[in-house]
Amino acid sequence: MIPLAKPYITDEDKKAVLEVLNTPYLSLGPKLPEFERVMAEYVGRRYAVAVNSGTSALHLAMKALGIGQGDEVITTPFSFIASANCILYEGAKPVFVDIEEDTLNIDPDKIEDAITERTKAILPVDIFGHPCDWDRILPIAEKYGLKVIEDACEALGSEYKGRKCGSFGDISVLAFYPNKQITTGEGGVLLTDDEDIYKLCKSLRNQGRGETDEWLTFERLGYNYRLDEMSCALGISQMKKIENIIQKRNEIALQYQKLLQDIEGIQLLSPMRYVTKMSWFVYVIRVQNNRRDELMHKLNEKGIQTKTYFYPPIHLQPFYKQLFGYKEGDFPVAEGVAKETLAIPFFTQMTSTEIHQVAEAIKETLLVKDQ
Ligand SMILES: *Cc1c(COP(=O)(O)O)cnc(C)c1O
């Protein structure tokens with residue numbers, strides 16, 4: 001079986017986690033601020049707040065920016081559900097804007113049309129690791145006085161015109177679920193340059209405790225979104241090899257590109273010129289001629305795992321349709337793309353043999369004409 005994704009865990013990583021277990025500090029110990037320092041430094045932000053998932057980080061971003069009932073937040077329908085759900089958590093309304101055909105990111109040209117008096121923020125997602133075209137998004141936010149939340153959960157290490165993803169939002173968010181570039185098991189981090197946001201999020205993650213962390217005094221309604229010490233230690237250890245991880249993943253993507261580019265009926269995603277460094281989260285191909293599901297089933301029969309990232313798009317998820325009355329045809333680019341995209345096996349330690357096996361299986365299936 002060739003899995004879709006697999007965490008890359010070394011003996012060093014295991015040792016780092018075990019060391020924590022030999023101390024009395026399993027939560028709120030020294031690894032938490034150390035991990036936060038590592039992440040803030042890597043991305044080039046002043047502050048980092050580590051939490052127990054990317055979704056938690058997105059939720060705190062909404063709280064910290066004061067987004068709530070009656071507010072609208074502009075975002076993309078072609079993403080993981082969490083990037084829109086976080087808006088609903090606080091009673092605000094996600095307003096979707098269709099995507100660009102070539103990057104699969106929110107289309108900057110369509111953002112202004114979606115802005116109303118209620119719009120408070122824009123939440124773009126660097127999808128599959130491909131940076132948004134920030135120079136076309138940030139000026140719009142500036143012009144209308146909107147906050148920017150960057151969901152960079154899939155883009156750790158990617159760079160836009162020499163600047164790292166995770167550095168573009170008033171608040172940016174990264175995530176470390178086991179299928180991401182690095183993992184902490186569950187985990188996420190919120191990044192900002194604003195000291196007030198930083199302090200507020202630290203409090204919100206820890207049950208609303210004050211700055212002194214006085215254990216039984218609570219200054220506001222907070223949550224338990226803490227990231228434990230084992231996870232932080234794993235994150236610190238994983239970050240030591242981040243450049244190596246990104247490079248290996250780039251080599252795999254390059255091999256895939258060479259092997260798949262000439263297959264008829266397949267379209268590959270290639271980074272735009274403004275992407276000065278690509279950190280691939282998943283490797284997604286577009287399968288044309290309505291053959292995506294057939295390919296998925298054939299690969300599955302051969303023990304090759306795939307997933308239809310992201311089908312259906314968020315606005316056509318059952319409860320979004322129910323809540324907001326969205327229907328087929330509302331965001332045609334996202335819908336068209338979502339019918340074609342298929343993520344194929346992609347993980348840091350993937351061997352050349354495995355890559356060839358996947359490519360061969362795809363070729364075999366698509367060379368046979370659909371009956
Ligand atoms: C992974 C991911 C998240 C966060 O997911 P968690 O499982 O909560 O860590 C958020 N947005 C996007 C686009 C993601 O891919």
Side-chain angles (χ1 to χ4, degrees), residues 4-7 35 39 43 48-63 73-90 94 96-97 99-100 103-106 121-132 137 148-158 165-166 168-169 171-191 201 204-205 223-228 231-232 234-235 238 249 269 278-284 307-315 317 320 334 337-338 341 343 346-347:
L4 180 66
K6 189 154 67 170
F35 182 48
M39 294 316 301
V43 178
V49 179
V51 291
N52 58 3
S53 75
T55 306
S56 303
L58 285 168
H59 183 201
L60 293 192
M62 293 296 132
K63 293 244 47 120
V73 178
I74 292 174
T75 190
T76 169
F78 190 71
S79 178
F80 181 57
I81 191 91
S83 60
N85 278 354
C86 65
I87 301 164
L88 291 180
Y89 293 160
E90 288 303 303
F96 296 112
V97 164
I99 59 171
E100 297 179 304
T103 65
L104 312 187
N105 283 325
I106 192 167
I122 311 177
L123 194 162
V125 182
D126 303 304
I127 209 72
F128 302 150
H130 192 293
C132 293
I137 295 175
V148 174
I149 302 116
E150 177 190 12
D151 181 342
C153 287
E154 303 188 352
L156 174 67
S158 283
C165 286
F168 293 97
I171 296 178
S172 298
V173 167
L174 297 168
F176 313 116
Y177 188 73
N179 66 344
K180 311 269 166 161
Q181 288 91 332
I182 71 153
T183 187
T184 58
E186 296 284 358
V189 73
L190 181 153
L191 299 158
C201 289
L204 288 171
R205 133 186 104 182
Y223 304 85
N224 179 357
Y225 283 172
R226 294 185 302 260
L227 188 64
D228 66 67
S231 299
C232 291
L234 181 54
Q238 291 250 297
R249 294 169 86 92
L269 305 173
M278 181 70 190
S279 171
W280 297 86
F281 162 53
V282 286
Y283 196 84
V284 167
K307 254 201 185 86
T308 56
Y309 283 123
F310 287 103
Y311 184 85
I314 297 177
H315 67 287
Q317 293 291 344
Y320 275 81
V337 166
T341 41
F346 186 74
F347 43 92

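No experiment lies behind these values; they were computed from the predicted model shown. Whatever order the structure lists them in is the order used to number ligands and atoms, beginning at 1.
Nearest protein heavy-atom neighbour of atom 15 (O) of ligand 1: Glu154 OE2, 2.5 Å. Nearest to atom 10 (C) of ligand 1 among the protein's heavy atoms is Cys153 SG, 3.4 Å. When hydrogens are left out, the protein atom nearest atom 11 (N) of ligand 1 is Asp151 OD2, 2.8 Å; that is the closest non-hydrogen contact. In terms of protein heavy-atom proximity, atom 9 (O) of ligand 1 is nearest to Gly54 N, 2.9 Å. Distance from atom 2 (C) of ligand 1 to its nearest protein heavy atom, with residue and atom name: Lys180 NZ, 2.5 Å.
For Gly188, the closest heavy-atom approach to ligand 1 does not fall below 4.0 Å.
Heavy-atom proximity to Val125, at under 4.0 Å, picks out these atoms of ligand 1: 13 (C). Every atom of ligand 1 with a heavy atom of Ser79 under 4.0 Å away is listed here by number and element: 13 (C). Contact atoms of ligand 1 toward Ala175: 4 (C), 9 (O) (distance under 4.0 Å to a heavy atom of the residue).
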Discussion item. Checking Ser279 against Gln181 for the side chain to side chain donor-acceptor pair (under 3.5 Å) test, could you report, in this order, the C-alpha distance in whole Å, the side-chain angles of both residues, the deciding distance, and whether it holds?
Written reply: CA-CA 8 Å; Ser279 171; Gln181 288 91 332; 3.1 Å; yes
Discussion item. The test is side-chain contact (heavy atoms from CB on, under 4.5 Å); show your working for Thr75 and Phe96 and say whether it passes.
Written reply: CA-CA 5 Å; Thr75 190; Phe96 296 112; 3.7 Å; yes
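Residue contacts with ligand 1: Tyr177 is placed with no nitrogen or oxygen under 3.5 Å of a nitrogen or oxygen of the ligand (distance criterion only).
The shortest distance between side-chain heavy atoms of Phe347 and Leu4 does not fall below 4.5 Å. Between Asn105 and Phe128 the shortest side-chain heavy-atom distance does not fall below 4.5 Å.
No side-chain donor-acceptor contact under 3.5 Å links Asp126 to the backbone of Cys165.
Leu58 pairs in a side chain to side chain contact (heavy atoms under 4.5 Å, CB included) with only one of the listed residues (Ile87, Val51, Asp151), which is Asp151.
Tyr223 is linked by a ring pair (Phe, Tyr, Trp, His ring centres under 6.0 Å) to His59, Tyr225, counting only residues two or more places apart in sequence or in another chain.
Looking at Thr55 against ligand 1, both its backbone and its side chain come within 4.0 Å, counting heavy atoms.
Residue Tyr89 qualifies as enclosed at atom OH: its count of foreign heavy atoms under 6.0 Å is above 12.
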